[in-house]
Amino acid sequence: MLRTIGVDSIDDLYRDVPMTVHELNLPNGLDEFSVMKKIKSIAQKNAVIEKEKVFMGAGIYVHHVPYVVKAMASKPEFVTAYTPYQAEVSQGTLQALFEYQTMICELTGMEVANSSMYDGASALAEAVLMAHRINGGKKVLMSEAVHPEYVQTCKTYAQGFGLNFVPVPVDESGATDMEALSKLVSEDSCAVVVQQPNFFGVIEDLKRVREIAKDTIFIVVAEPISLSLLEPPGSFGADIVVGDGQPLGITPNFGGPTVGFFATLEKHVRKMPGRIIGQTKDAEGRTGYVMILQTREQHIRREKATSNICTNHALMALVNAIYMSLMGPEGLREVARRSYANAHYFAEKLKEKGFKLRFKGPFFNEFVFFVDENYPLRSKKLFEEGFLAPLPLEWFDRKYKGLALACATEVNTKESIDQMVLALERGAR
Amino acid sequence: MTVFEKSVSGRIGFKLPESGVRFEKMDIPEHLVRTRKLGLPELSEVDVVRHYTELASRNYSVDKGFYPLGSCTMKYNPKVNEYLASLEGFTEIHPYQPVESVQGALQLMYELKKALCEITGMDEMTLQPAAGAHGELTGMLIVRAYHLSRNDAKRTIALVPDSAHGTNPASAAMAGFEVVELKSTKEGLLDVEELKRHLNERVAVLMLTNPNTLGLFEKDILEIAKLVHEAGALLYYDGANLNAIMGRFRPGDMGFDIVHLNLHKTFSAPHGMGGPGSGPVGVKQFLARFLPVPLVRKSDDGSYYLDYDLPDSIGRMRSFYGNFAVLVKAYSYILTMGKDGLKHASEMAVLNANYLRKLLSKYFRMASDRTCMHEFVVDGSEFVKKTGVRILDVAKRLLDHGVHAPTIYFPLIVHEAMMIEPTETESKQTLDRFAEIVGKIVEEAMNNPDLVKNAPYTTPVRRLDDVTATKNPIYRYR
């Protein structure tokens with residue numbers, strides 16, 4: 001090969017490089033057996049709690065993932081494929097993502113969805129930037145009941161745009177304070193952002209928020225499983241709905257990769273970030289799918305693009321689509337019902353033992369209750385007893401001291417909940 | 001047929017265990033209870049399996065064949081990495097578990113970070129960004145924070161070569177910079193005189209890919225770095241093309257201050273139809289304090305922890321810590337390759353590209369006469385003039401021969417461009433065969449142009465109409 005090229009050695013090919021070779025200070029390569037041994041031993045240093053004893057949510061939810069989901073999503077034709085630039089040999093990818101977009105529209109009640117973002121937090125950040133692109137506003141009214149890491153991500157993204165984030169407090173119900181919100185909405189408001197169910201598990205009145213938000217862009221961060229039982233934001237006139245698809249068939253993965261979904265109204269589509277798949281026909285009239293509206297994107301519009309996003313989380317969107325295809329509307333509803341029922345049973349049992357819930361409002365599958373000042377330390381002990389106990393909220397902000405966020409899903413059982421309650425009671429005594 | 005058309009009302013594909021807790025009705029205001037139809041498909045498990053198996057059969061993939069997309073580094077994705085990333089000890093851990101219970105995860109992230117710093121010649125690194133573009137935005141926000149920390153609010157300009165990947169200017173704009181494009185030389189390299197003309201006290205950063213998107217090593221890089229730093233600006237490295245120099249040379253030694261990597265390119269993590277990837281960002285020590293929170297650190301007693309105490313941090317780029325499962329794959333790759341393997345990989349990538357370039361020069365003019373690195377660009381303008389057949393048509397005809405087309409119409413500074421990156425995991429036989437196929441198509445283009453113009457023929461669908469698709473968009477199934 002070197003002869004064909006016309007050089008004597010590999011070094012000749014690097015003659016344009018004005019540097020000397022730097023030998024890496026790394027060990028030499030290992031054989032597969034040794035690599036597997038090493039990485040398995042690292043994995044064993046992580047403690048995995050039995051699913052029914054997980055009572056922590058806060059953005060990552062433990063559900064049962066049917067094996068079929070993993071089996072289909074691991075197919076190498078999906079895993080080792082690339083972005084569908086040559087549509088004719090990527091119809092598997094394109095159709096799967098088109099179907100995913102449809103399912104997200106159905107869940108959220110919106111008109112058009114993109115084919116994924118990285119996660120719920122960055123999707124929300126991009127939604128805020130999109131609102132700013134639509135109306136030029138700089139004031140973002142952000143409910144204090146939006147996940148703190150999501151809020152932080154929005155603020156990070158917004159640095160380049162000089163946006164001003166105004167927090168909207170929650171009231172005693174645990175939902176966003178509508179009075180406070182109505183006082184803050186003004187002509188120069190860019191967007192109103194609420195989470196559904198919110199970070200404290202409480203269900204927000206989206207109808208009221210839409211009324212108060214008036215002409216401002218109304219953004220909802222939604223949890224997808226709950227959308228099977230809750231009237232979706234689209235029905236209330238939301239402008240943009242985002243969220244994290246992790247509960248739809250994705251394991252916790254230590255927080256990543258998950259996937260961000262992003263849906264909006266047709267009237268806003270040209271300002272939407274991310275790849276969009278559209279339906280079309282081929283030269284023989286067959287139905288096919290292609291990427292559309294690419295003139296919004298970075299490879300064409302460069303610095304004028306709606307976003308810099310290129311690689312997204314397509315494979316994770318596929319996981320969502322497979323999960324939703326398998327579970328169907330009734331499956332999602334059943335998972336949601338059990339999550340709701342288990343969480344409410346958990347809350348009832350805690351109340352029986354003398355614990356008090358922090359908020360009065362209706363909740364879905366998470367709720368906040370009062371804990372004593374030793375709880376954060378004790379939750380670590382509870383971990384050693386085999387429980388992933390409710391999350392001490394002071395971890396996010398000192399103002400949440402003395403509060404814990406509990407979660408239940410369909411994988412918890414009456415027995416495991418009873419055990420958790422006993423363990424919590426034991427520690428509190 | 002879409003999955004919705006296969007739906008049969010009442011059909012289910014799941015079964016949940018008996019529940020000891022009964023669901024009554026939801027105790028929430030009526031108007032918040034869902035009455036809107038939820039139009040998800042209703043299928044049995046075997047229907048789901050058949051549907052997705054059928055979709056998979058209409059996809060091309062690295063496992064199927066040659067995928068020479070320029071700058072995408074479509075190298076082989078080791079199967080063992082998929083297995084290791086799926087270990088329960090990695091997939092079932094919650095990010096908010098007690099830190100003592102996830103020491104394995106933190107150890108992996110820390111060791112990966114250290115290895116990537118060594119590979120790039122950088123001092124500290126975040127593994128948080130989910131993709132290259134995400135890493136670029138992170139880097140640009142760090143540039144912004146750095147200059148503001150020096151009370152220098154004048155630096156509002158980001159310099160970007162006209163050959164740059166679209167994400168470069170897009171990311172700079174998202175960070176609030178005004179993007180100024182630098183015209184490349186006729187050879188396709190950064191024009192140092194042009195750079196000198198643009199460097200002033202308003203420039204915050206120069207973004208470079210090296211080798212650049214034409215596959216050429218920026219031979220003046222040391223002088224470029226010097227000029228940029230003397231002007232008070234920072235030098236950013238787009239790591240998409242690291243596969244050319246990995247294990248041999250380091251951007252940190254060339255003068256770059258900030259670097260992003262693409263673990264789904266250079267470090268063998270699979271592309272997954274367009275993601276998830278991972279875009280770690282490395283910096284020189286003086287910029288470490290601006291990195292996103294949290295950073296993975298090792299304490300004196302040997303335990304690992306997440307450090308949130310970064311008062312000058314730009315903030316967070318996403319929730320939690322990064323695309324952990326992707327990090328596992330990159331970690332496994334680095335352990336497997338080691339210092340010798342990484343160097344060998346980049347050398348073979350460069351050898352393969354130069355060899356293929358030589359073979360294809362029989363049929364096409366190259367965008368540059370210079371020795372290329374791991375990729376090269378074909379200039380198809382003469383070919384188009386001679387035959388009336390466009391590079392797009394050649395790409396479609398390649399599909400009929402069971403290979404994936406290279407990147408087309410990028411970089412923008414080359415007309416009728418075809419950017420080809422074979423990677424190191426392709427054999428000489430594959431390259432010879434590809435050149436043969438190209439030769440056949442060129443012949444077809446000269447003698448029977450319509451045949452090429454109407455390709456592809458043997459793919460699951462014929463050429464798709466993306467113009468009408470955008471003009472009259474159908475965003476979802478109804």
Side-chain angles (χ1 to χ4, degrees), chain A residues 1 5 16 24 26 28-29 42-43 45-48 72 75-77 80-83 88-89 91-93 102 106 112 118 121-122 149 152 156 160 251 254-257 278-280 282-283 288 290 292 298-299 302-303 305 308 310-315 326 328-329 331 337 341 345 362 414, chain B residues 13-14 20-21 23 28 38-40 42 52 55-56 58-63 87 89 91-92 95 101 104 130-131 133 166 169-171 173 175-176 179 217 219 270-277 315-316 318-320 323-324 338-339 341 354-355 459 461-462 464 466 469-470 474-477:
Chain A
M1 287 170 79
I5 299 167
D16 273 351
L24 287 179
L26 289 177
N28 278 329
I42 290 177
K45 293 185 194 169
N46 295 327
V48 176
M72 291 299 106
K75 279 179 170 295
E77 297 91 336
T80 71
Y82 192 53
T83 305
E88 295 82 7
V89 291
Q91 287 300 290
T93 299
T102 307
E106 283 293 319
V112 49
Y118 312 131
S122 57
E149 291 193 11
Q152 210 183 355
T156 306
T251 48
F254 200 45
Q279 185 178 313
T280 186
D282 77 349
V290 288
I292 58 171
Q298 46 77 29
H299 52 291
R302 298 172 74 86
E303 68 268 15
N308 68 345
C310 185
T311 289
N312 53 19
H313 274 203
L315 189 68
L326 191 69
R337 279 182 217 120
Y345 176 75
K414 182 174 181 299
Chain B
F14 70 94
V21 177
F23 172 80
I28 68 176
L38 180 56
L40 297 178
E42 295 173 86
Y52 287 98
L55 289 183
R58 283 188 283 138
N59 252 16
Y60 192 81
S61 58
V62 172
D63 274 15
L87 290 172
T91 59
E92 300 298 337
S101 71
S171 303
V179 175
F217 192 86
K219 55 185 179 52
H271 288 83
M273 308 184 291
R316 267 187 170 283
R318 39 92 60 82
S319 53
F320 315 116
N323 282 351
F324 184 74
K339 73 172 173 201
N354 276 284
Y355 177 70
T459 49
V461 290
R462 299 287 307 279
L464 289 159
D466 49 9
T470 283
I474 301 170
Y475 306 111
R476 52 158 293 168
Y477 172 79

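Checking each of A:Val89, A:Asp282, A:Thr280 against B:Val461 for a side-chain contact (heavy atoms from CB on, under 4.5 Å) leaves exactly one that passes, namely A:Asp282.
The most heavy-atom pairs under 4.5 Å with chain B, out of A:Ala314, A:Pro362, A:Gly278, come from A:Ala314. Between chain B and the residues A:Glu149, A:Gln152, A:Lys45, the most heavy-atom pairs under 4.5 angstrom are made by A:Glu149. Top candidate by heavy-atom pairs under 4.5 Å with chain B, chosen from A:Gly331, A:Ser122, A:Gly288, A:Ala305, is A:Gly331. Contacts with chain A were tallied for B:Pro270, B:Ala130, B:Pro276; B:Pro276 has the most, counting heavy-atom pairs under 4.5 Å. Between chain A and the residues B:Ala56, B:Ala131, B:Gly20, the most heavy-atom pairs under 4.5 angstrom are made by B:Ala56. Contacts with chain B were tallied for A:Met72, A:Gln279, A:Arg337; A:Arg337 has the most, counting heavy-atom pairs under 4.5 Å. Between chain A and the options B:Gly338, B:Gly274, B:Ala170, B:Gly104, heavy-atom pairs under 4.5 Å are most frequent for B:Gly274. By number of non-hydrogen pairs under 4.5 angstrom with chain A, the leading residue of B:Ser101, B:Gly89, B:Ser171 is B:Ser101. With respect to chain A, the highest number of heavy-atom pairs below 4.5 Å among B:Leu87, B:Asp63, B:Ile28, B:Thr459 belongs to B:Asp63. Chain B forms more heavy-atom pairs under 4.5 Å with one residue of A:Ile292, A:Leu315, A:Asn46 than with any other, namely A:Asn46. For chain A, the option among B:Asp466, B:Asn59, B:Val62 with the highest count of heavy-atom pairs below 4.5 Å is B:Asn59. Your options are A:Thr83, A:Thr93, A:Val112, A:Val48, and the one with the most heavy-atom pairs under 4.5 Å with chain B is A:Thr93.
At a cut-off of 3.5 Å, with distance as the only test, no side-chain donor of A:Asn308 or A:Arg302 sits close to an acceptor on the other residue.
Residues A:Tyr118 and B:Arg318 fail the side-chain proximity criterion, which asks for heavy atoms closer than 4.5 Å. Using a 4.5 Å heavy-atom threshold, the side chains of B:His271 and A:Thr311 count as separate. Looking at A:Gln91 and B:Leu464, their side chains come closer than 4.5 Å, going by heavy atoms from C-beta outward.
Residue contact with chain A, scored on non-hydrogen atoms closer than 4.5 Å, involves the backbone of B:Ala175 exclusively.
Taking the charged nitrogens against the carboxylate oxygens, A:Glu106 and B:Arg476 do have a contact shorter than 4.0 Å, which makes a salt bridge. Look at A:Glu88 and B:Arg462 and you find no salt bridge, because none of the NZ, NE, NH1 or NH2 atoms lies under 4.0 Å from a carboxylate O.
Annotation: the span from A:His299 atom NE2 to A:Cys310 atom SG amounts to 8.0 Å, rounded to 0.5 Å.
Under the 3.5 Å distance criterion, the side-chain polar atoms of A:Thr102 are matched with a main-chain donor or acceptor of B:Tyr477.
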